[in-house]
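Working notes for the structure below.
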There are 2 protein chains.
Amino acid sequence: MRMTSQRSIILDEIRKTHAHPTADEVYVLVRRRLPRVSLATVYRNLDVLTRAGLIRTVELGGCPRRYDGRVDDHIHVRCLECGRVDDVADALLARARSRVEKVSGYSISGHHLEFAGVCPDCQRRARGRRRRKNAES
Amino acid sequence: MRMTSQRSIILDEIRKTHAHPTADEVYVLVRRRLPRVSLATVYRNLDVLTRAGLIRTVELGGCPRRYDGRVDDHIHVRCLECGRVDDVADALLARARSRVEKVSGYSISGHHLEFAGVCPDCQRRARGRRRRKNAES
DNA sequence: CATGCGAATGATAACCGCTATCGGAACGGC
DNA sequence: GCCGTTCCGATAGCGGTTATCATTCGCATG
Ligand SMILES: [Mn+2]
Ligand SMILES: [Mn+2]
Ligand SMILES: [Zn+2]
Ligand SMILES: [Zn+2]
């Protein structure tokens, strides 16, 4: 794998943020430093970097993929209001995995756990809206 | 919600199988009993039935949605070789959920856990292939 | 330093699962 | 039977992703 300037800038941007950007968002970030880059190059390299184990691809059912500079095991929690994705450390997962392996007979090589709900910011916003609404009524 | 013949046949087929079929696969099943049904009707009703809580939509990152007649909480395990999806009962999940809620500050309303690996059938097939290969070399 | 070859890039077309749209049919309360 | 509402079938459109292909780049080698 050649480390071209495009590739290393894409890797750098992914590692710099903790926001789990989509391919489009990575494209925007990378274009600030490399205005002539192609979206195809971004997709290609996100894939190459994932297969090289340098980043993680985060598959979120029903919405565009996101990419993650953290490659250690962790859980994602997604906000149903604003779409942000945050990290949560986990320990139970290893236990669950071995249990699933035993019960199902599968040889497990990976998992994908995502909780969905409303993030603290959006909860606050919602409380604000409710209060304002009550006040005016 | 009217229970049309299309709708009830779609529900029946979903409930009858344990294979977690995709929309296309449901379409094939339903056409055997209703040859003039439209794929749009299948998609529409899979959505309506999900929102009515009669079936579950299973989002599997990176591959088409599947549908499930089981509506109780359970985990899915997917085979990376053949794509089949099996059920696994779970208890740890509730504990993990409340922990994630506390740590992240999110108000959690759902989750999505999927393990991926190789199913027993495919493991057997792979062992067979290896044995044959060794024998001929 | 010139040469050559495989890998990577940029531009863009194609793909695929899904959703929206729309005219017409079916349902069901009256 | 009439009429508003819901649903249907057919099909066009959409969005994220992948494939294609001509061109350029990186780099080993002479
Ligand atoms: Mn993460
Ligand atoms: Mn299931
Ligand atoms: Zn939020
Ligand atoms: Zn299998």
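Note: hydrogens, waters and symmetry copies are ignored here, and every other heavy atom, side chains too, is used. A, B, ... follow the sequence lines: proteins, then strands. Residue 1 opens every chain. Everything numeric here is computed off the predicted structure, so don't read it as measured data.
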Heavy atoms only, 4.0 Å cut-off, all strands: where does B/Asp47 land among base, sugar-phosphate and nothing? nothing
Do the charged groups of A/Arg66 and A/Asp68 touch, with an N to O distance under 4.0 Å? no
Nearest whole Å is fine: how far is D/dG16 C1' from A/Glu25 CD? 13 Å
Using atom CG of B/Leu39 as one end and atom P of C/dT19 as the other, report the distance to the nearest whole Å. 11 Å
OP1 or OP2 of D/dC8 under 4.0 Å from side-chain N/O of B/Ser38: no
Going by heavy atoms in the side chains, are A/Leu34 and A/Thr41 under 4.5 Å from each other? no
Electrostatic pair A/Asp47:A/Arg51 at N-O distance under 4.0 angstrom: yes
Within 45° of the ring axis of A/Tyr27 and under 6.0 Å from its six-membered ring centre, is that where the NZ or CZ of A/Arg31 lies? yes
Just checking B/Arg44: base, sugar-phosphate only, or nothing, at a heavy-atom cut-off of under 4.0 Å? base
Between A/Thr4 and C/dT9, is there a contact of a side-chain N or O with OP1 or OP2 at under 4.0 Å? yes
For D/dT18, take OP1 and OP2 only and decide whether either is under 4.0 Å from a side-chain N or O of A/Arg65. yes
Let me spell it out: for each of B/Ala40 and B/Met3, pick the nucleotide of DNA chain D with the closest heavy atom. Which residue's pick is nearer the 5' end? B/Met3
Rounded to whole Å, how long is the line connecting atom OH of A/Tyr27 with atom C1' of D/dT18? 16 Å
A/Arg51 CZ - D/dT18 C1' separation (whole Å): 12 Å
I want to check one thing: is the phosphate of C/dA11, taken as OP1 and OP2, less than 4.0 Å away from some side-chain N or O of A/Arg36? yes
Rounded to whole Å, how long is the line connecting atom CG of B/Leu34 with atom P of D/dC7? 16 Å
Under 4.0 Å between a side-chain N or O of A/Gln6 and OP1 or OP2 of D/dC25? no
Integer-rounded Å distance: C/dA25 P and B/Arg7 CZ: 20 Å
Side-chain donor/acceptor of B/Arg2 to base of C/dC27, under 3.5 Å: yes
Lys/Arg-Asp/Glu bridge criterion (N-O < 4.0 Å) met for B/Arg15, B/Asp12: no
Nearest-Å distance for atom pair CE/C1', residues B/Met1 and D/dT5: 16 Å
Counting side-chain heavy atoms from C-beta on, which of D/dG16, D/dC8, C/dG10 comes nearest to A/Asp24? D/dG16
Length of the line joining B/Leu60:CG and C/dC16:C1', which is rounded to integer Å: 16 Å
Please state whether the phosphate of D/dT18, meaning OP1 or OP2, lies under 4.0 angstrom from any side-chain nitrogen or oxygen of A/Tyr43. no
